[in-house]
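Residue indices begin at 1 and follow the sequence shown.
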Amino acid sequence: MPIKILMPALSPTMTEGTLSSWLVKEGDDVNAGDVIAEIETDKATMEVEAVDEGKVGKIMVDAGTEGVAVNEVIAMLLEDGEDESALEGADASPAPAASKGNGAPPAEVPKETAKDDQAGKADHGKPDATASANAPTSTASDGNRIFASPLAKRMAAQADLDLSAIKGTGPNGRIVKADIEAAQVSGTGKAAADKPAAKADAPAAKPTAAAMPTGPDAKALADAYGMAYEEQSNSGMRKTIAKRLTESKQTVPHFYLTVDCELDALLDMRKKLNAKSPEGEGAFKLSVNDLIIKASAIALKRVPAANASYTEAAMLMYEHADISVAVATPSGLITPIIKRAEEKGLSTISKEMKDLAGRARDGKLKPEEYQGGTFSVSNLGMFGIKEFAAIINPPQGCILAVGAGQQRPVVKDGELAVATVMSCTLSVDHRVVDGAVGAEFLAEFKKLIEDPMAMML
């Protein structure tokens, strides 16, 4: 009996992903442990290994397909002695929630949601009548559900196609990219075909106040006023960033505290430590950010009330300082974690951070390397940003925004002097961290930055 290869759940929160590529083809023999595919989650691209051996009988989901639900059958594996005839009549329905197939943890097959139906369409504000008439439907006239990939829905919306008139060739009749392309060639499903053609001598209608969208609908505004643009499909990471940061600003009561730290002593110590770095294996090159991570971790141990998260039932007070560090990647922002940073030396932190940042940019982080964390650091100083306020990364209670070190006038012992000063702003969740606690944390952080030898104790 053919073995089902299922879409795995690569993280506890994953409900769907993009099947980026197949590393095998139909007819190939595979052994347990062989890497057979690459799956793009919301934050990284990860390899999928086979847990059974056999021959790839049929690939059910094409490479590049988006929105593949966890536990959906993506391929069928023929056991020893079976041939293609065994695939006839084989059950290719998704596995039940209790099934683990292909090593995936039990996961309920997620239902398509309203946001999937709206993929690729601007839905802010009130849609006008014309947009509603032309929108590709995800429900047929007989009330039955229409299943289509998010990419197919976007393409249908852009081409003004009616999804109910298109026959899907994907798994379980799902409409995929190839079906939309075929419909465009054949003219199938043209939603605008039933509309009366405009008179040739009728002047082009100008947008009026009544016809303009009432919400911040960028696409509708650009189309209405003839503004040139290029559409770039949102990656899974970009969608997750948008969702989480919107949730953070809407639900977390932020407040902000800023402190100026003098950096001259820290820069001098960094220079001396880097000069002592050995050659070859064991070599290190400390950055200011490495020292900021260490100072943040020690300050959290000194002020444990700032190392906390809010829940409806209780406040979670963390035992260790797991520092999430914001890293910019081509796909968006990701926060790899330096775990138990208070226990690690500066050279260890530096090496870990370089490794994590490099793999973050390549999309090769494991979920446990970027999910979690108790406190975040976001440093834009290398871009010359003097000061900014970052958005809290839920469920964490704080994030520290670090600006550039700049030569500024300061007053010392009643006299004017020049020092290298860095402005740091702490964004705080007021549900779990009070103003006095946030101020106490910044005071400890400032002490460590201005007297960095204290980090060595």
Side-chain angles (χ1 to χ4, degrees), residues 248 252-263 265-266 269-270 286-326 335-346 348-350 352-353 372-381 387-403 405 421-457:
S248 178
V252 177
H254 290 58
F255 73 91
Y256 309 95
L257 302 170
T258 301
V259 67
D260 289 337
C261 305
E262 293 187 21
L263 286 179
L266 182 141
M269 186 185 79
R270 169 177 172 261
L286 300 179
S287 68
V288 172
N289 207 48
D290 298 329
L291 293 158
I292 289 170
I293 293 168
K294 181 67 173 180
S296 299
I298 296 174
L300 287 172
K301 292 302 293 182
R302 294 181 180 179
V303 188
N307 196 29
S309 292
Y310 176 84
T311 73
E312 290 295 334
M315 293 191 297
L316 307 184
M317 314 302 292
Y318 298 109
E319 295 181 6
H320 297 285
D322 295 341
I323 308 296
S324 301
V325 184
T335 52
I337 304 166
I338 302 292
K339 297 183 178 179
R340 297 191 174 202
E342 80 280 4
E343 298 177 352
K344 294 177 178 176
L346 289 170
T348 301
I349 289 174
S350 179
E352 281 192 21
M353 195 62 240
T374 66
F375 182 95
S376 288
V377 171
S378 179
N379 188 347
L380 293 180
E387 181 182 339
F388 70 105
I391 300 174
I392 292 172
N393 182 19
Q396 297 174 10
C398 300
I399 182 171
L400 183 67
V402 180
V421 179
M422 171 180 73
S423 295
C424 297
T425 298
L426 186 70
S427 302
V428 186
D429 181 350
H430 212 330
R431 297 173 302 176
V432 65
V433 177
D434 294 331
V437 174
E440 188 180 353
F441 166 83
L442 282 180
E444 291 296 331
F445 175 81
K446 178 181 172 73
K447 288 179 186 177
L448 290 163
I449 293 296
E450 296 187 345
D451 182 16
M453 289 300 294
M455 296 189 213
M456 307 292 105
L457 302 177

Does L286 reach the side chain of M269, with side-chain heavy atoms less than 4.5 Å apart?
no
Is any side-chain heavy atom of L380 less than 4.5 Å from a side-chain heavy atom of V402?
no
M315, CE: over 12 other non-hydrogen atoms inside 6.0 angstrom:
no
Does the S309 side chain pair with the main chain of P395, one donor and one acceptor, at a distance under 3.5 Å?
yes
What are the two closest non-hydrogen atoms of V437 and A306, and how far apart are they?
CG1-N, 3.8 Å
SG (C424) and CD1 (I292) are apart, to the nearest 0.5 Å, by 6.0 Å
Heavy-atom check, side chain of M422 versus side chain of D260, under 4.5 Å:
no
Please report the shortest heavy-atom distance between N379 and G403, naming the atom on each side.
OD1-O, 4.4 Å
Can you list every salt bridge (charged side-chain N to carboxylate O under 4.0 Å, His left out) pair that touches residues 305-321, not counting sequence neighbours?
none
L426 CG to C398 SG distance, which is reported to the nearest 0.5 Å
4.5 Å
Report the distance from atom CZ of R270 to atom OG of S287, rounding to the nearest 0.5 Å.
6.5 Å
Hey, is CE on M453 packed in by over 12 heavy atoms from elsewhere, all under 6.0 Å?
no
Approximate separation, where rounding is to 0.5 Å, of N307 CG and L316 CG:
10.5 Å
Any donor-acceptor pair under 3.5 Å linking the side chain of H254 with the backbone of V252?
yes
Residue set satisfying ring pair (Phe, Tyr, Trp, His ring centres under 6.0 Å) with F445, at least two apart, ordered chain then number -> none
Selection residues 293-309 - residue pairs positive for salt bridge (charged side-chain N to carboxylate O under 4.0 Å, His left out), sequence neighbours left out:
R302-E444
Distance (rounded to the nearest 0.5 Å) between I298 CD1 and E343 CD:
11.5 Å
Are any non-hydrogen side-chain atoms of F388 and S423 less than 4.5 angstrom apart?
no
Interatomic distance, I323 atom CD1 to I349 atom CD1 [nearest 0.5 angstrom]:
8.5 Å
Please check this pair: side chain of T348 against backbone of K344, looking for a donor-acceptor N/O pair closer than 3.5 Å.
no
Give a yes or no on whether the ring-centroid distance for F375 and F441 is below 6.0 angstrom.
yes
Is any side-chain heavy atom of T335 closer than 4.5 Å to one of N393?
yes
Do L266 and V288 come close enough that some side-chain heavy atom pair is under 4.5 Å?
yes
Could you go through the side-chain contact (heavy atoms from CB on, under 4.5 Å) check for I399 and I391 one step at a time?
CA-CA 7 Å; I399 182 171; I391 300 174; over 6 Å; no
With distance as the sole test, does S248 use its side chain to make a donor-acceptor pair with the main-chain N or O of I392 at under 3.5 Å?
yes
Test side chain to side chain donor-acceptor pair (under 3.5 Å) on T374 and D322; report intermediate values, then the result.
CA-CA 5 Å; T374 66; D322 295 341; 5.5 Å; no
Checking D451 side chain against L448 main chain: does a donor-acceptor pair fall under 3.5 Å?
no
Kindly give the heavy-atom pair with the smallest separation between M317 and P304, and that separation in Å.
CE-O, 3.9 Å
Is there a side-chain contact between R431 and P253, using heavy atoms and a 4.5 Å cut-off?
yes
If you take all heavy atoms of A439 and L257, which pair is closest and at what distance?
N-CD1, 3.5 Å
Distance-only side-chain donor-acceptor flag, T425 / T258, under 3.5 Å
yes
Whether the side chain of E262 engages the backbone of V421 through a donor-acceptor N/O pair (distance < 3.5 Å, no angle test) should be reported.
no
Does S324 form a side chain to side chain donor-acceptor pair (under 3.5 Å) with Q396? I'd like the steps, not just the answer.
CA-CA 10 Å; S324 301; Q396 297 174 10; 3.1 Å; yes
Shortest non-hydrogen contact between M353 and P336, atoms and distance
CE-CG, 4.1 Å
Residue pair K339, E352: steps toward the salt bridge (Lys or Arg N to Asp or Glu O under 4.0 Å) verdict
CA-CA 10 Å; K339 297 183 178 179; E352 281 192 21; over 6 Å; no
Measure across G373 and I337 and return the closest heavy-atom pair with its distance rounded to 0.1 Å.
N-CD1, 3.5 Å
